[in-house]
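Order of the sequence lines fixes the chain letters, A, B, ..., with proteins taken first and strands second; residue numbering starts at 1 for each chain.
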2 protein chains.
Amino acid sequence: MKQVRLADVAELAGVSMKTVSNVVHDYPHVAPQLRKSVQEAIDQLGYKPNLTARRLATGKTGMIALAMPEIDHPYFSELSRHIAEGATRRGYRVIIEQTLSDVDAEHAVLKDREAGLVDGVIFHPVRMNTLEIAKLRRDTPLVLLGESTTPVTTDHVMIDNVSAAVDSVKHLLSLGSRRIAFLGVVEHDITGSTDQRLLGYQQGLVGAGIALNPDLVFPVPDFSPEASAEAVTAALSRGVDFDGVVCRDDKFAIGALRGLTAAGVKVPDDVAVVGWDNTALGSYTTPTLTSIAPDKLRLAEVALELLAERINGYQGIGRHRVVPHSLAVRHSAPAPGS
Amino acid sequence: MKQVRLADVAELAGVSMKTVSNVVHDYPHVAPQLRKSVQEAIDQLGYKPNLTARRLATGKTGMIALAMPEIDHPYFSELSRHIAEGATRRGYRVIIEQTLSDVDAEHAVLKDREAGLVDGVIFHPVRMNTLEIAKLRRDTPLVLLGESTTPVTTDHVMIDNVSAAVDSVKHLLSLGSRRIAFLGVVEHDITGSTDQRLLGYQQGLVGAGIALNPDLVFPVPDFSPEASAEAVTAALSRGVDFDGVVCRDDKFAIGALRGLTAAGVKVPDDVAVVGWDNTALGSYTTPTLTSIAPDKLRLAEVALELLAERINGYQGIGRHRVVPHSLAVRHSAPAPGS
DNA sequence: ATTACAGTTTACAGCGCTGTACATTGGTCC
DNA sequence: GGACCAATGTACAGCGCTGTAAACTGTAAT
């Protein structure tokens, strides 16, 4: 039951350890028949290289950490999947770290209490601000995701939230909506996302010559669909008149759908709804959800690419990459004229 | 930029490496003032223990692998979250491995091409059968999840699918349903889940003295909601008369909801629907979905517990643990009399 | 003063692998 | 035939840490 070591194979094959190592690694300059006999020894003993030892010797771990708020949120789980696949393709394993949007947990991600665990980190911060990130940042290669403002020294991948929000508004306008609401502004929301999306919402309206109306910006107490359903219900009962909603989030959009439907308001005929993130959830609602679709695959690929470059020694200033988005058009805000 | 080593700290503090190590590990028998001065040296140099080296020396990696078909499937992402949290609580880090239901990938999980990476593996197989698992299984501690039949030698955690299906049927019966359908039997489905759920479905009906009707077992070409929506639509247009549906899966239930709604059939009034897995999806549908709710938290905890015992040397025969389930009652099949 | 002993601290040999520097071999070319 | 060279193969010193055994304390008991 004892672990078979390189030395054991070397002894059996009657060669040096290094030669066995070379065979394991398919090093080109090994004589064919020697390679064969070494391989036989490997097979016979059932030798498996010990990764930990290899890592200590090479200094590379072949692992990256993926730190996000919650892995069971559809947006994050979908993104994780792409990152996991891309990482595998690049020969990395992924270790997951859930911060649960906890400040301490986020600090821990950057603080590196221990070294040599991973070669790099992909991190989607929620509660940390630029300053803290810049201050805590260690030597481990790091790529940031999401909309928080980030230190110029750090790589960052995101979509253009402002222009995406503008796109949402434009789509609603093209459907004939004129009184377009924004759902939801969450109290104490520390993510920059809401700000940027709200900004784009305003920009879209102003660009179309429509006056802003503060009553059309719906606050929501928390991030649940329930809360946003209530927010919509409350707006309706206040008599707020609207015919389109840009939602901060698919979950909010789902709440909106529910609140509207419950009040007998028809979606999309009376009110068209656009969500955000194009999570799988949107395919499961009734009606199905039109939603801003960040190119998650691209996001994952770019993040991995930047990280790989850092791991391979790139030392330059932070790169800030904007990844494309589109609008996934479904029934809650269909294509114009359909 | 060079990594600070234990030896560096030792030199600065004027003590042996081992003493520094003892301080790092809070070993009790270190004189207070020595401990203090060593700690100062640690802080001054910003020393961080190198985990890889520690692992090589101790032989423990402090990591477990979590291998599942797809991490962005709601059931798996929710389960992953619990496992990740439980693992963290127990001092383990989790590395994720997606098999994408691919045979080779599943083989790779068990095959251990490399050693010393993780202390143990939690694996939810889909395509491998008992025999293959038993054959490939290596020395790494392993806990299996899911409904495939598993080798007696291996630990396994699951819910009682048969009795859960019976519960579904009973619930529908309590609502007055009598012509209860089962959706969906997928061609070439290699998971044991469907079989067991179908078995429970039959058992529930027979137990209530209701004759089985093959027409009420709806086949579905694949695992998508679209396919199951079509299957329901097809059944309706065949003139199949039913007033309740037990679904193999929440995704199927969502498809059923869609197909029924599209055909003008009222849920739950005309047809009550029960899903399976109680994924978050079920809260987002209209109507919300009643669903078999495996105790995912418990599932995660038990799996981790069994794995921890294996890691700590337990060598006994495979333990097969059944974890409780319940029925999450929502609108698609409400509580009787509500 | 001597012994005993619990409490501290140290020296050092690995953990299993790889990189480096060097040794060996057998051609090839004049 | 000797020089040169590319292709192969080897020896061995680490990578940074921990476990073990042994070596010191100082104090209490004899």
Subject >> B/Tyr27 vs B/Ala57, nearer the 5' end of DNA chain C by closest nucleotide >> reply: B/Tyr27
Subject >> Residue met sooner reading DNA chain C from 5', once A/Tyr47 and B/Pro32 are mapped to nucleotides >> reply: B/Pro32
Original post:
Looking across every strand, which nucleic acid part, if any, lies under 4.0 Å from A/Leu51 by heavy atom: base, sugar-phosphate, or nothing?
Top reply: nothing
**OP:** Flag the pair A/Arg310 and A/Asp155 as a salt bridge only when some basic side-chain nitrogen lies within less than 4.0 angstrom of an acidic carboxylate oxygen.
**Re:** yes
Original post:
Atom OG in A/Ser77, atom CE in A/Met68: separation rounded to 0.5 Å?
Top reply: 9.5 Å
**OP:** Nearest 0.5 Å please: distance from the NE2 atom of B/His156 over to the CE atom of B/Met158.
**Re:** 5.0 Å
Subject >> Divergence of helical axes at both termini of the helix from C/dA1-D/dT30 to C/dC30-D/dG1 - five pairs an end, 10° steps >> reply: 50°
**OP:** Under the side chain to side chain contact (heavy atoms under 4.5 Å, CB included) rule, what do B/Ile64 and B/Arg93 come out as? Steps first, then yes or no, please.
**Re:** CA-CA 6 Å; B/Ile64 62 175; B/Arg93 317 216 179 193; over 6 Å; no
Subject >> Candidates A/Leu142, A/Leu66, A/Ile95 - the one meeting side chain to side chain contact (heavy atoms under 4.5 Å, CB included) with A/Val121 >> reply: A/Leu142
Original post:
Which residues pass the side-chain hydrogen bond (donor to acceptor under 3.5 Å, both in side chains) test with A/Arg81, sequence neighbours left out?
Top reply: A/Glu85, B/Glu70, B/Asp72
Original post:
In whole angstrom, what separates A/Asn22's CG from D/dT8's P?
Top reply: 12 Å
Testing the basics here: between [X] and [Y], what is the closest heavy-atom pair and its distance to 0.1 Å?
| X | Y | result |
| --- | --- | --- |
| B/Ile83 | B/Leu145 | CD1-CD2, 4.3 Å |
| A/Leu117 | B/Arg55 | CD1-NH2, 3.1 Å |
| B/Met63 | B/Tyr92 | N-CD2, 3.9 Å |

Subject >> Of residues 13-21 of chain B, the positions that come close to DNA chain D - non-hydrogen atoms, cut-off under 4.0 Å >> reply: B/Met17, B/Lys18, B/Ser21
Original post:
NZ of B/Lys60: more than 12 outside heavy atoms within 6.0 angstrom?
Top reply: yes
Original post:
Going through the distances and angles, do B/Arg319 and B/Tyr314 end up as a side chain to side chain contact (heavy atoms under 4.5 Å, CB included)?
Top reply: CA-CA 11 Å; B/Arg319 282 92 42 102; B/Tyr314 175 82; 3.4 Å; yes
Original post:
Checking salt bridge (Lys or Arg N to Asp or Glu O under 4.0 Å) for the pair A/Glu301/A/Arg90: CA distance, chi angles, key distance, verdict?
Top reply: CA-CA 10 Å; A/Glu301 287 297 319; A/Arg90 288 173 170 77; 2.9 Å; yes
Subject >> Span of DNA chain C, from the first to the last nucleotide whose atoms fall under 4.0 Å of chain B heavy atoms >> reply: C/dT8 to C/dG16
**OP:** Would you list the pairs meeting salt bridge (Lys or Arg N to Asp or Glu O under 4.0 Å) in which at least one residue belongs to residues 17-35 of chain B, sequence neighbours left out?
**Re:** B/Asp26-B/Arg35
**OP:** Starting at the 5' end of nucleotides 21-26 of chain D, put B wherever the base has a protein heavy atom under 4.0 Å, S where only the sugar-phosphate does, and a dash everywhere else.
**Re:** ------
